[in-house]
Amino acid sequence: AITKIKARQILDSKGIPTVEVDMYTNKGMFRAAAPVVTLTKCEPSPSRPGKESLQYERSELRDGDKGKYLGNSVSKAVRNINEKIAEALIGMDPTLQSQIDHTIMDLDKTESKAELGVNAMLAVSMAACKAGAAEKEVLLCKHIADLSGQSGLILPVPAITVISGGKHAGNNLAAQEIMILPVGANTFEEAMQVGSETYYHLKAIILEKYGSIGCNVGEDGGLAPNITDFREALDLVKEAINRAGCNGRIKMAMDVAATNFCIGNKYDMDFKSPDKSGQVFKTGEEMAEMYAQLCTDYPIVSIEDPFDRNDWLHTKAFTDLGLCQVVGDHLLSSDPKRLERAIDEASCNGLLLKINQVGTVTDAIEVAKQAKDGNWGVVISHRSGETEDSFIADLAVGLATGQIKAGAPCRGERVAKYNQQAVYAGENWRSPEIL
Ligand code: PGA
Ligand code: ZN
């Protein structure tokens with residue numbers, strides 16, 4: 001049974017406060033930390049002012065006391081855990097994840113969960129899941145598989161960020177991430193090896209072309225040379241794949257995060273340059289044409305948020321072309337209602353699942369199932385503001401989503417996920433559940 005819950009404030013990978021929880025049971029102590037919702041309001045960012053990113057996702061609770069971390073401290077969320085949530089959960093069996101999560105959810109009747117805070121709820125839910133796995137003496141991924149009715153544990157293909165742009169880096173590239181997917185690797189271990197090697201080659205190419213300043217990295221660890229043109233970025237990655245000897249074995253993907261540069265109904269491809277001349281505005285149709293051409297010229301297999309989060313029309317029209325997987329992140333915000341609409345209308349065909357947009361492990365499992373039932377792809381995703389907690393690695397394996405996006409093969413909070421995942425069946429090939 002759960003005997004004690006103790007929360008505290010810690011810092012995420014950007015130095016922004018977040019919530020960490022220690023849950024105690026007879027089996028020991030289980031620790032979890034919530035990633036951070038990207039804070040357009042509080043963080044200095046190269047975006048246009050006034051873009052609200054939290055619109056469709058559940059809300060974190062922050063103190064708003066400007067004297068502490070510029071309003072970002074989370075002592076209220078911590079207190080909610082130590083008092084309200086702890087009181088409700090103590091004595092419960094940690095293996096009963098859905099009961100635990102419903103109990104937490106019921107403590108906050110608001111739709112947005114702003115009263116308790118999604119940061120408070122999620123950290124406790126994750127800690128309970130770890131405690132539940134220990135109670136059953138199985139791996140966390142196995143416990144998650146059981147909870148979701150999934151039989152096999154499948155190590156996903158990592159979508160490894162190699163170039164950062166958008167709001168994640170200080171260069172002029174509008175697209176937020178260029179990723180590589182080692183789909184041709186035989187094992188997860190090999191995927192990480194060829195992915196990392198490609199990253200080293202890319203770094204060398206960038207060093208040659210742009211000098212050492214081009215090798216600075218963005219928030220997810222992707223390299224951030226100061227380029228504007230999508231093609232220039234994709235060419236660099238194509239060349240790196242080539243040098244790594246992985247032509248055909250490594251595919252490419254993008255998270256355009258186009259919501260961040262949609263102004264009115266146009267897209268400002270140069271939104272981060274100091275003089276916003278407006279010369280590079282593209283319409284939705286022009287963006288779709290550009291993507292179609294890119295899918296022809298590069299081995300692109302997946303594009304996330306090619307249009308604004310409310311641009312259902314162009315997202316669907318592009319998806320209809322059938323050129324690649326189209327993933328909804330801002331478009332769906334991991335929200336079951338938006339997902340339902342998108343599945344009904346076939347607006348896209350992949351869900352980016354960020355656990356802190358939904359709030360609990362049970363909700364995350366449900367939304368993943370909803371997407372799978374619609375024959376969609378599911379990408380388990382980190383946030384740009386991460387902790388060292390590797391929970392999402394087990395989530396991807398347990399839910400057998402086949403895809404995870406956890407950043408570059410560098411920076412501790414990113415590789416924590418990949419390292420955790422590098423569980424190769426090896427000699428236990430007949431019974432991988434004991435790994
Ligand atoms: P975010 O980025 O955590 O800053 O929202 C991740 C993404 O857009 O996929
Ligand atoms: Zn995204």
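Atoms within a ligand are numbered from 1 in the order they appear, just like the ligands themselves. These figures come from a predicted structure and were not determined experimentally.
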For Ser347, is there any backbone N or O sitting under 3.5 Å from a side-chain donor or acceptor partner on Thr319? yes

Is it the case that the side chains of Asp146 and His143 hold a donor-acceptor pair, with the cut-off being a distance below 3.5 Å and no angle test? no

Is the CG atom of Asp320 crowded by more than 12 outside heavy atoms at less than 6.0 Å? yes

Verify the distance criterion only: is there a donor paired with an acceptor across the side chains of Ser273 and Asp270 at less than 3.5 Å? yes

N or O pair under 3.5 Å between His168 and ligand 1: yes

Any side-chain heavy atom of Tyr199 within less than 4.5 Å of one from Val194? no

Any N/O/S of Glu177 under 2.8 Å from the Zn ion (ligand 2)? no

Polar side chain donor-acceptor pair, Asn171 to Tyr210, under 3.5 angstrom: no

For Gln176, the ligand 1 atoms with a heavy-atom partner under 4.0 Å come out as 2 (O), 6 (C), 7 (C), 8 (O)

Any side-chain donor near an acceptor of the partner, Tyr69 and Asp63, under 3.5 Å: no

Arg383 heavy atoms, cut-off 4.0 Å: which ligand 1 atoms fall inside? 1 (P), 3 (O), 5 (O)

Does ligand 1 have any atom sitting under 4.0 Å from a heavy atom of Lys354? yes

May I ask you to check if ligand 1 and His382 share an N or O to N or O distance below 3.5 Å? no

For ligand 1, indicate whether the residue Lys167 contacts it via side chain, backbone, both or neither (heavy-atom separation under 4.0 Å). neither

Specify which N/O/S atom of Glu304 comes nearest to the Zn ion (ligand 2), by atom name. OE2

Looking only at distances, please establish whether an N/O atom of ligand 1 is found under 3.5 Å from an N/O atom of Lys14. no

Within 6.0 Å of CD1 in Ile213, more than 12 heavy atoms from elsewhere: no

Contact region, Asp255 to ligand 1, non-hydrogen atoms below 4.0 Å, reads side chain

Of Val256, Asp329, Thr38, Asp220, the residue with the heavy atom nearest atom 4 (O) of ligand 1 is Thr38

Please could you name the atoms of ligand 1 that Lys405 approaches to less than 4.0 Å, counting only its heavy atoms? 7 (C), 9 (O)

Can you name the atoms of ligand 1, numbered from 1 with element, that are less than 4.0 Å from a heavy atom of Ser384? 1 (P), 3 (O), 4 (O)

Close N or O approach (Ser381, ligand 1; < 3.5 Å): no

Ring centres under 6.0 angstrom apart (Phe307, Tyr291): yes

Between Thr387 and Asp389, is any side-chain donor less than 3.5 angstrom from a side-chain acceptor? no

Return yes when at least one N/O/S atom of Asp255 is nearer than 2.8 Å to the Zn ion (ligand 2), and no when none is. yes

For ligand 1, which part of Leu352 has a heavy atom less than 4.0 Å away: the side chain, the backbone, both, or neither? side chain

Report yes or no: is the cationic atom of Lys238 (NZ for Lys, CZ for Arg) closer than 6.0 Å to the six-membered ring centre of Tyr298, at no more than 45° off its axis? yes

For the Zn ion (ligand 2), which N, O or S atom of Asp329 is at the shortest distance? OD2

